[in-house]
Number of protein chains: 2
Amino acid sequence: MKPRIPQYKILYELIRKQIVDGVYKEGDILPSENDLCKVHSLTRPTVRHALDSLVNQGFIKKHQGKGSIVHKLPKGVGILSISGTTSALGSKNLRSEFIIKPKVQPWEDDFIFQLSELELSSGCIYMERIRFFNEAPIFYDVNYIPNINLPRFTSRNLENKSLFDVLRSVYQIEVKGGEQRIKAILATKTIASYLHLKEGAPVLHLERKFETNKPAFNLYSSIYCNTNEQSIYGLF
Amino acid sequence: MKPRIPQYKILYELIRKQIVDGVYKEGDILPSENDLCKVHSLTRPTVRHALDSLVNQGFIKKHQGKGSIVHKLPKGVGILSISGTTSALGSKNLRSEFIIKPKVQPWEDDFIFQLSELELSSGCIYMERIRFFNEAPIFYDVNYIPNINLPRFTSRNLENKSLFDVLRSVYQIEVKGGEQRIKAILATKTIASYLHLKEGAPVLHLERKFETNKPAFNLYSSIYCNTNEQSIYGLF
DNA sequence: TAATTCTACTTGTTATTACAAGTTAATTAT
DNA sequence: ATAATTAACTTGTAATAACAAGTAGAATTA
């Protein structure tokens, strides 16, 4: 009777999942707001709140008089999607491989972002991955997660799963926003070998900080992208 | 009595302007929702709608129990701000210089984005600029604007003004969203000379399409960034 | 004094109601 | 048949109400 998770969020998650899973495809029209009201026993403000969230996340576009049309890709936040790299390129053709499996270690001394005291004191879950798109290595990413209240996280199997989806579904940690720095660099020997490039090839470098719904709990990534074959694509 | 512009939008524009103009500064707390209701003779749903828009645009952040706190910068759309490059770096230290002043010409044959028939038939306002940050050339951007209903546009002085601000304030054209492709490339001789780089230096290349409130009216940019000295920074 | 409780705020969620405005297709009139 | 009108949808805007939940400071208590 006392849902800790609000109704609009439940509906948002449901429709979101249906879009991601392909129940609704690009260009499809969602059931009308009134239909959704009847089916889920909700009122229009609640349904509209859920749809507004979907619009904000870029899953649908609404047209007055017509309906809610499913968009091709989640609206990007920054370059890639807020759901992480997986949903930016579509999970079908993505495979990920650990260079360094998740392990707890202290934060680096000159970290790329300013850390809070809570984050500093609680240590860091560190991991390195390579992500393949159509069997070609596209992303080499280094991830830093504060070791705060994440039981059994390091032993969890993250292969081929979006880090963000796991945090979202298992730990109720949701990304609310963040900041990023982007630059073009020349591949070092290490990066070149991971991304199957020649040393000195142009590589995209992103440093990203993701703020979450948990105060003082942020995620950090340093991502190197091979953009020779394809560009990083994003909606906004 | 029949406001063509909805109340929530009027309030949104008002507060937005107050934030941009510095009436409310970073960290300031806006008047509470109930106060805004009283002052503007509106109800909470309407006021909340306006505040929701401000949250989405990144002007404020809301904290349950505390209030609405003014954010440092408008939430970025894509990498740079929705207001264009100017507000991404702050207009104080930015100076722009035309390589090719705005002129009407046909669209290029193999354009970077798919064009609508209306856009194709109406020709293209073309311009090339270099933008300096602290007297160093950072951006070299090529812009394409459909030549639809923009009286006296080519004769307008755009130096040191954001293209988006002019379109917004003079022509009521507002950017609603868009798409972008990003990659790292090596500077060609031309790009290197514009950005004061050596040929072969790493350069960020963005191809962006901006959708506006006018149907079938999109803006297009191809931007080359020198990210050797500083990164491109964005909030999201 | 220090810790606790309480109270008065803040935003968050949800239901109800009503009408406006844009879209589409069936119906009607020409 | 074609054009115009209408009707039946769709989403958009807005007021009203009530309670939940988080925050901060005042008041109380130990």
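Throughout, a chain's letter reflects where its sequence line sits, starting with A, and its residues are numbered from 1. Hydrogens, waters and symmetry mates play no part in the numbers below; they use all other heavy atoms, side chains included.
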So which protein nitrogen or oxygen atoms get under 3.5 Å of nucleotides 3-10 of chain D's nitrogens or oxygens?
| residue | atom | partner | partner atom | Å |
| --- | --- | --- | --- | --- |
| dT10(D) | OP1 | Ser32(A) | OG | 3.0 |
| dT10(D) | O2 | Gly65(A) | N | 3.4 |

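- If you take CG of Leu11(A) and P of dA15(C), they are 11 Å apart, rounded to a whole angstrom.
- Contact record, Phe153(B) with Met127(B): CE2-CE, 3.9 Å, taken as the closest heavy-atom pair.
- Atoms CD1 (Ile10(B)) and C1' (dA14(D)) sit 13 Å apart, rounded to a whole Å.
- Rounded to an integer number of Å, the gap from CD of Gln7(A) to P of dG12(C) is 18 Å.
- Separation of the Tyr144(B) and Phe111(B) ring centroids falls under the 6.0 Å cut-off.
- Side chain to side chain, Tyr220(A) and Glu207(A) fail the donor-acceptor criterion of an N or O pair below 3.5 Å.
- OP1 or OP2 of dT13(D) has at least one side-chain nitrogen or oxygen of Tyr8(B) nearer than 4.0 Å.
- If you measure from atom NZ of Lys62(B) to atom P of dA21(D), you get 18 Å, rounded to the nearest angstrom.
- In this entry the distance linking CD1 of Ile69(B) with C1' of dG22(D) reads 13 Å, nearest Å.
- When rounded to the nearest whole Å, the span between CG of Asp52(B) and P of dG12(C) equals 8 Å.
- For the residue pair Asn147(A) and Ser122(A), no side-chain donor N or O sits within less than 3.5 Å of a side-chain acceptor on the partner.
- Of the residues in residues 36-44 of chain B, those lying under 4.0 Å from DNA chain C by heavy-atom distance are Arg44(B).
- Contact annotation: Arg48(B) side-chain N/O to dT11(C) OP1/OP2 distance is not under 4.0 Å.
- Within the 4.5 Å cutoff, no side-chain heavy atoms of Ile60(A) are placed close to those of Ile69(A).
- Two residues are said to be in side-chain contact when any heavy atoms from C-beta on lie closer than 4.5 Å; His71(B) and Gln57(B) fail this criterion.
- For the residue pair Asn143(A) and Glu128(A), no side-chain donor N or O sits within less than 3.5 Å of a side-chain acceptor on the partner.
- Taking atom OH on Tyr12(A) and atom P on dT13(C), their separation rounds to 14 Å, with Å as the unit.
- Residues meeting the salt bridge (Lys or Arg N to Asp or Glu O under 4.0 Å) test with Lys66(A), sequence neighbours left out: none.
- Note: NE2 (His49(A)) to P (dT13(D)) measures 15 Å, nearest angstrom.
- Considering every non-hydrogen atom in both Asn34(B) and Arg44(B), the closest pair reads OD1-CD, 3.6 Å.
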